[in-house]
Trainee: 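This is the structure I want to talk about, given as structure tokens.
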Amino acid sequence: MENNGTASVGTHVSSAMITDAVIRHDWTKEQIARLFNQSFNDLLFQAQQIHRAYFDPNAVQISTLLSIKTGRCAEDCSYCSQSVRYDTDLDNQPLMPLNEVVEAAKLAKENGASRFCMGAAWRCLNAKDEAAIIAMITAVKSLGMETCMTLGMLTKEQAQILKKAGLDYYNHNLDTSPEFYGEVITTRTYQDRLDTLSYVREAEINICSGGILGMGEKRQDRIALLQQLVNLPQHPESVPINLLVQIEGTPLYGAELLDPLEFVRTVAVARILMPASVVRLSAGREKMTDEMQALCFFAGANSIFYGDRLLTTDNPKTSKDQQLFQRLGIHALQ
Ligand code: SAM
Ligand code: DTB
Ligand code: SF4
């Protein structure tokens, strides 16, 4: 919820403990850098205080992901297994039939997911696919789940159509800084991404937008990505922070690994900047230790993808996540 600077303080800490939990849209890079540059303990303490003011610190939102159209994407995103330009040994699949999508959503619901996220390897939504997408949104919603779609670029009109179909969230990541973007993707511009986000916002669909860390970007790029997200006219309701899943055959395979503590720092800064947003510990958990994930939750992450698969790569097994939740005393947010 937006407000004019007075943080709506929850029951977990007193208002006097909250120093920076204010919804702002005018962050400078220098101010964000100062958050990053604090000692690790100071940063995490601040993030945890803010987290507790806005959320139940032991609740994590659970989303399950399904690839509804896999591979042969016209874009050249250097991280992605699904670009037609890279030889990644992928099982390409056309748009999935409705009944298979519904079966997968039912299973996700049975397993405890509250949101079903459907992803397509498209540069943009084509008119010929609109009816099938609308049918998927309607069917998944009728199961009592929140719906999320990620279909590439949208027009203003398409955003309105998806809203009318009942779409709850649209995922469209800014992925990195404006400065580094051209090193990662050349087939579209940062402004293209911002335009789609503005159409989604205008249609009053919740925005899910974040980025990928570990692509060889510098801290300056992580700062600039977060600055873009926080200075949008409204903070994204959901902010996925992905750790690059390195995929053989893509240009970013073999990229230098990011210091896990720098990943945790970025989660903490995202939490401080966007206090009321749900921050998702997104792709890349397969390569994270339980301890690193625990630090991310402490830093303010409060959502995960749950289920054995992401889009084209593995996610931790559900039994492993259940164990982790139990060890940490975390419960699923319904
Ligand atoms: N084609 C649409 C698009 O790019 O917006 C939707 C699907 S695309 C796979 C959704 C997001 O997945 C990307 O924006 C990126 O943030 C994330 N992603 C893709 N490949 C990834 C990888 N190897 N590691 C981490 N995140 C990845
Ligand atoms: C997001 O930020 N991460 C998800 C979802 N939004 C669509 C995708 C992760 C993809 C990881 C690599 C793969 O499985 O292909
Ligand atoms: Fe296509 Fe999306 Fe992959 Fe880029 S990230 S290649 S747009 S599926």
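Values in this document were obtained by computation on a predicted structure and should not be read as measured data. Worth knowing before you read on, the calculation uses all heavy atoms, side chains too, and leaves out hydrogens, waters and symmetry mates. As the structure lists them, so they are numbered: ligands from 1, and atoms in each ligand from 1.
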Trainee: Answer yes or no: is there a donor N or O on one side and an acceptor on the other, between the side chain of Tyr169 and the main chain of Glu237, under 3.5 Å?
Mentor: no

Trainee: Which residue holds the protein heavy atom closest to atom 20 (N) of ligand 1, what is that atom called, and what is the gap in Å?
Mentor: Tyr79 CD1, 3.4 Å

Trainee: How far is atom 12 (O) of ligand 1 from its nearest protein heavy atom, and which residue and atom name does that atom have?
Mentor: Asn173 ND2, 4.5 Å

Trainee: Cation-pi between Arg280 and Phe305: NZ/CZ under 6.0 Å from ring centre and within 45° of the ring axis?
Mentor: yes

Trainee: So if you build clusters from Ile, Leu, Val, Met, Phe, Trp, Tyr with side-chain heavy-atom gaps below 4.5 Å, do Val239 and Leu243 land together?
Mentor: yes

Trainee: Provide, to 0.1 Å, the distance between atom 2 (C) of ligand 1 and the closest protein heavy atom, together with that atom's residue and name.
Mentor: Gly152 N, 3.6 Å

Trainee: Please state which option from Asn242, Thr176, Val184, Val245 has its nearest heavy atom closest to atom 24 (N) of ligand 1.
Mentor: Val245

Trainee: Specify the protein heavy atom at minimum distance from atom 16 (O) of ligand 1: its residue, its atom name, and the distance to 0.1 Å.
Mentor: Asp175 OD1, 2.6 Å

Trainee: Give the residue, atom name and distance (to 0.1 Å) of the protein heavy atom nearest atom 1 (Fe) of ligand 3.
Mentor: Cys73 SG, 2.3 Å

Trainee: For Ile247, take its heavy atoms, then give the atoms of ligand 1 lying under 4.0 Å from any of them.
Mentor: 23 (N)

Trainee: Could you tell me whether Arg188 and ligand 1 have an N or O pair separated by under 3.5 Å?
Mentor: no

Trainee: So which heavy atom in the protein is nearest atom 8 (S) of ligand 3, and how far is it from that ligand atom?
Mentor: Ala121 CA, 3.5 Å

Trainee: Might you work through the side chain to side chain donor-acceptor pair (under 3.5 Å) test for Asp192 and Thr189, ending with a clear yes or no?
Mentor: CA-CA 5 Å; Asp192 289 331; Thr189 65; 3.3 Å; yes

Trainee: So for Ser282, does at least one of its heavy atoms come nearer than 4.0 angstrom to any atom of ligand 2?
Mentor: yes

Trainee: Under a heavy-atom criterion of less than 4.0 Å, does Gly119 contact ligand 1?
Mentor: no

Trainee: Can you check whether Leu35's main-chain N or O pairs, donor with acceptor, with Gln38's side chain at less than 3.5 Å?
Mentor: yes

Trainee: Only heavy atoms of Trp122, strictly under 4.0 Å: list the atoms of ligand 1 that pass.
Mentor: 1 (N), 2 (C)

Trainee: May I ask you to identify the nearest protein heavy atom to atom 6 (C) of ligand 1, giving residue, atom name and distance to one decimal place in Å?
Mentor: Thr150 OG1, 3.0 Å

Trainee: Any chance you could lay out the side chain to side chain donor-acceptor pair (under 3.5 Å) test for Asp321 and Gln323, step after step, and finish with the verdict?
Mentor: CA-CA 5 Å; Asp321 279 341; Gln323 273 174 23; over 6 Å; no

Trainee: Would you say the side-chain atoms of Thr150 pair up with the backbone N or O of Asn171, donor to acceptor, closer than 3.5 Å?
Mentor: yes

Trainee: N/O of Leu311 under 3.5 Å from N/O of ligand 2, yes or no?
Mentor: yes

Trainee: Of all the atoms in ligand 1, which lie at a distance below 4.0 Å from a heavy atom belonging to Ala120?
Mentor: 1 (N), 2 (C), 6 (C), 7 (C)

Trainee: Let me check something: do Leu90 and Ile247 share a hydrophobic cluster, defined by ILVMFWY side-chain heavy atoms less than 4.5 Å apart, either directly or through other members?
Mentor: no

Trainee: Is the Tyr181 ring parallel, tilted or perpendicular to the Tyr190 ring (thresholds 30°, 60°)?
Mentor: perpendicular

Trainee: Could you list the atoms of ligand 1 found under 4.0 angstrom from a heavy atom of Leu311?
Mentor: 9 (C)

Trainee: Measuring from atom OG of Ser177 to atom CD1 of Ile223, what distance do you get when rounded to the nearest 0.5 angstrom?
Mentor: 10.5 Å

Trainee: Name the residue from Arg285, Arg309, Lys287 that meets the salt bridge (charged side-chain N to carboxylate O under 4.0 Å, His left out) definition with Asp314.
Mentor: Arg309

Trainee: So, Ser83 side chain and Glu75 main chain: donor-acceptor pair closer than 3.5 Å or not?
Mentor: yes

Trainee: From the options Lys141, Lys163, Arg115, select the one residue that forms a salt bridge (charged side-chain N to carboxylate O under 4.0 Å, His left out) with Asp168.
Mentor: Lys141

Trainee: Hey, mind stepping through Gln46 and Asp42 against side chain to side chain donor-acceptor pair (under 3.5 Å) and telling me if it holds?
Mentor: CA-CA 6 Å; Gln46 189 184 359; Asp42 289 348; over 6 Å; no

Trainee: Pairs of nitrogen or oxygen atoms closer than 3.5 Å, one from Gln82 and one from ligand 1: do any exist?
Mentor: no

Trainee: Please state which protein non-hydrogen atom is closest to atom 9 (C) of ligand 2 and give its distance, to 0.1 Å?
Mentor: Ala283 CB, 3.8 Å

Trainee: If you group Ile, Leu, Val, Met, Phe, Trp and Tyr by side-chain heavy-atom gaps below 4.5 Å, do Ile241 and Ile62 land in one group?
Mentor: yes

Trainee: Salt bridge check, Lys69 against Asp129: does any charged N sit closer than 4.0 Å to a carboxylate O?
Mentor: no

Trainee: Using protein heavy atoms only, decide if any is under 4.0 Å from atom 8 (S) of ligand 1.
Mentor: no

Trainee: For Phe305 and ligand 2, answer yes if some heavy atom of the residue is under 4.0 Å from a ligand atom, otherwise no.
Mentor: yes

Trainee: Give the atom numbers and elements of ligand 3 that come within less than 4.0 Å of a heavy atom of Tyr79.
Mentor: 5 (S)

Trainee: Could you work out, for atom 4 (Fe) of ligand 3, the closest of Ala120, Gly119, Ala74, Cys77 by heavy-atom distance?
Mentor: Cys77

Trainee: Backbone N or O of Thr28 within a donor-acceptor pair of the Gln31 side chain at under 3.5 Å?
Mentor: yes

Trainee: Considering only non-hydrogen protein atoms, determine which one is nearest to atom 26 (N) of ligand 1 and report residue, atom name and distance to 0.1 Å.
Mentor: Ile212 CD1, 3.5 Å

Trainee: Counting from 1, what ligand 2 atoms have a heavy atom of Thr150 closer than 4.0 Å?
Mentor: 7 (C)

Trainee: Any N/O/S atom, side chain or main chain, of Cys80 closer to atom 4 (Fe) of ligand 3 than 2.8 Å?
Mentor: no

Trainee: Just heavy atoms, cut-off under 4.0 Å: does Thr313 contact ligand 2 by side chain, backbone, both, or neither?
Mentor: both

Trainee: Ligand 1 versus Arg193, non-hydrogen atoms closer than 4.0 Å: side chain, backbone, both, neither?
Mentor: side chain

Trainee: Does any N or O in the side chain of Gln48 come within less than 3.5 Å of the main-chain N or O of Phe298, such that one atom is a donor and the other an acceptor?
Mentor: yes

Trainee: As an exercise, identify every atom of ligand 3 less than 4.0 angstrom from a heavy atom of Arg188.
Mentor: 7 (S)

Trainee: Starting from atom 15 (O) of ligand 2, find the nearest protein heavy-atom neighbour and note its residue, name and distance.
Mentor: Thr312 OG1, 2.6 Å

Trainee: Would you mind telling me if ligand 1 is within reach of the side chain of Thr313, the backbone, both or neither, using heavy atoms under 4.0 Å?
Mentor: neither

Trainee: If you measure from each non-hydrogen atom of Asn242 to ligand 2, which part falls under 4.0 Å: side chain, backbone, both or neither?
Mentor: side chain

Trainee: Is a side-chain donor or acceptor of Arg271 paired with a backbone partner of Ser277 at a separation under 3.5 angstrom?
Mentor: yes

Trainee: Under 4.0 Å from a heavy atom of Pro240: give me the atoms of ligand 2 that qualify, with their elements.
Mentor: 2 (O)

Trainee: Using a 4.0 Å heavy-atom cut-off, which part of Asn171 comes near ligand 2: side chain, backbone, both, or neither?
Mentor: side chain

